[in-house]
Protein chains: 2
Amino acid sequence: MSVSSDKCDKWDKSYDETISLRGFRFTKQRRHVYDALMARRDHPTAVEVFLRTKKEMPSISLATVYNCLETLTECGLVRHVNHDRAPSRYCPNLEEHGHFFCDDCGAVFDVPLRKREKAGQWELPTGTVVTNHEVALRGLCAACAKKQV
Amino acid sequence: MSVSSDKCDKWDKSYDETISLRGFRFTKQRRHVYDALMARRDHPTAVEVFLRTKKEMPSISLATVYNCLETLTECGLVRHVNHDRAPSRYCPNLEEHGHFFCDDCGAVFDVPLRKREKAGQWELPTGTVVTNHEVALRGLCAACAKKQV
DNA sequence: CTAGGTGCAAAAGGTTTGCGGTTAA
DNA sequence: TTAACCGCAAACCTTTTGCACCTAG
């Protein structure tokens, strides 16, 4: 199977380069995992990514999907999204953003952060260095809120 | 062992009542678990709570600590604090607040939220209901940041 | 007295790892 | 060619559960 004959056509050269630059190989498995993530930005779990990837590449294993997700995360192409102790979800949106979790249907949405949330000078001890911050919102999505009535 | 002869003296009547009101029993195990949490507000994991509680009550089991933490959480006396896939930590601070996680030493601090973070009207689809929000900051605590130099 | 809680051990569930064979560069 | 990667299965680790006994109310 050549690269140009499969779904990987849509890969942007820069992703290839991003992976190579980090000293990782650009394998079919990694491409398919990344494609699965880009195709539907609905924050799938590793198992969901596995099932979707399996359709294109039936031989792939769950362990490989986990490994690929790990590698892509290390490359900065993908972000881990954790909520409580639920299975990790994965997100290819690299913009700084928060997440909304629907308590009813389990949907996960990206939430844009405005300047003030990004900037946030927190009340922290002098000398503390903040490198990253995450915002998680919970509640009911519009559809579920409507049903509740 | 009577209640008044052990460390449970410091229990505020209201905790007792809070538990009773929910239809739960006020057991020694639950008291000791809660005490362990109140004694050092350093966001221990369940295993750490277990080890601390075991000193006062050697017969307690880890499963019971998990059960007690669960019950106390249901009563609203304790909050779960999750970060990535690391073991859950527990926190008796009921004020609305965020958490700072030191990447180097693993320390966890409470971070007060100011009005604007609390208020935050997020850019969400119309009809979305937000019931809860969490802020997690990562970086280096003052001590670790100093060492890095 | 008795429903609910505890302790134990075993199971569950997500994720990681060791290893022999495979493949991108 | 060869170091990195894959697939498989087994291990890991945190958390939950089933069950017999115990205890707070």
Side-chain angles (χ1 to χ4, degrees), chain A residues 1-4 6 8 11 15-34 43-51 53-54 56-75 78 80-90 106, chain B residues 1-4 6 8 11 15-17 19-34 43-51 53-54 56-75 78 80-90:
Chain A
M1 177 166 66
S2 76
V3 172
S4 58
D6 65 21
C8 296
W11 268 72
Y15 296 119
D16 179 338
E17 281 166 7
T18 303
I19 289 184
S20 302
L21 274 173
R22 301 285 188 126
F24 292 113
R25 288 190 192 160
F26 193 55
T27 67
K28 287 195 207 67
Q29 289 84 349
R30 285 174 185 162
R31 291 179 219 178
H32 280 294
V33 165
Y34 188 76
H43 306 82
T45 62
V47 170
E48 285 162 351
V49 173
F50 171 58
L51 293 174
T53 308
K54 215 172 168 55
E56 307 298 327
M57 195 181 190
S59 66
I60 202 168
S61 71
L62 178 57
T64 294
V65 169
Y66 271 109
N67 288 335
C68 291
L69 289 168
E70 164 73 19
T71 305
L72 291 168
T73 303
E74 256 182 77
C75 291
V78 164
H80 248 99
V81 180
N82 289 297
H83 187 235
D84 292 338
R85 295 244 103 215
S88 294
R89 294 172 175 281
Y90 298 85
Chain B
M1 177 166 65
S2 76
V3 172
S4 58
D6 65 20
C8 295
W11 269 70
Y15 297 118
D16 180 338
E17 280 167 7
I19 288 184
S20 302
L21 274 173
R22 302 285 188 126
F24 292 113
R25 288 190 190 160
F26 193 55
T27 67
K28 288 195 208 65
Q29 289 85 347
R30 285 174 184 163
R31 290 179 219 179
H32 280 293
V33 165
Y34 188 76
H43 306 81
T45 62
V47 170
E48 285 162 353
V49 173
F50 171 58
L51 293 174
T53 309
K54 212 172 169 59
E56 307 298 328
M57 194 181 192
S59 66
I60 202 169
S61 72
L62 178 56
T64 295
V65 170
Y66 271 109
N67 288 335
C68 292
L69 289 168
E70 165 72 20
T71 305
L72 292 168
T73 303
E74 257 182 78
C75 292
V78 164
H80 249 96
V81 180
N82 289 298
H83 187 235
D84 292 336
R85 294 243 103 217
S88 294
R89 295 172 173 281
Y90 298 85

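Labels below follow one simple rule: chain letters A, B, ... track the order of the sequence lines, proteins then strands, and each chain is numbered from 1.
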Notebook entry, point to check: Between which nucleotides of DNA chain D, 5' to 3', does chain B make heavy-atom contacts below 4.0 Å?
Noted result: D/dT14 to D/dG25
Check: Can you name the residues that form a side-chain hydrogen bond (donor to acceptor under 3.5 Å, both in side chains) with B/Arg85, not counting sequence neighbours?
Finding: A/Ser88
Next item on the list: Can you tell me the distance, in whole Å, between the CZ atom of B/Phe24 and the P atom of C/dA3?
Entry: 17 Å
Short heteroatom pairs, N/O only, protein and nucleotides 18-23 of chain C, under 3.5 Å:
from: C/dT23; atom 1: O2; to: A/Arg25; atom 2: NH1; distance (Å): 3.0

Next item on the list: Please name the pair of heavy atoms, one in B/Asn82 and one in A/Asp84, separated by the smallest distance, quoted to 0.1 Å.
Entry: ND2-CA, 3.3 Å
Cut-off 3.5 Å, no hydrogens considered: what does the side-chain donor-acceptor table look like for residues 61-70 of chain A, sequence neighbours left out?
from: A/Ser61; atom 1: OG; to: A/Thr64; atom 2: N; distance (Å): 3.2
from: A/Ser61; atom 1: OG; to: A/Thr64; atom 2: OG1; distance (Å): 3.1
from: A/Asn67; atom 1: ND2; to: A/Ala63; atom 2: O; distance (Å): 3.3

Notebook entry, point to check: If you look at every strand shown and take non-hydrogen atoms under 4.0 Å, does B/Ser59 touch a base, only sugar-phosphate, or nothing?
Noted result: sugar-phosphate
Check: At under 4.0 Å between heavy atoms, what does A/Thr27 touch on the DNA or RNA strands: base, sugar-phosphate, or nothing?
Finding: sugar-phosphate
Checklist line | Protein-nucleotide distance (B/Arg85, atom CZ; C/dT16, atom P), rounded to Å | finding: 9 Å
Next item on the list: With sequence neighbours left out, write down each residue that passes ring pair (Phe, Tyr, Trp, His ring centres under 6.0 Å) with B/Tyr90, or none if nothing qualifies.
Entry: B/His80
Check: Quantified as the angle between the terminal helix axes (five pairs each), what is the overall bend of the helix from C/dC1-D/dG25 to C/dA25-D/dT1 to 10 degrees?
Finding: 40°
Note to self: Could you tell me how far apart B/Met57 (CE) and C/dG5 (P) are, to the nearest whole angstrom?
What the structure shows: 15 Å
Margin query: What contact category does A/Ser20 fall into here, base, sugar-phosphate, or nothing, at under 4.0 angstrom with non-hydrogen atoms?
Written below: nothing
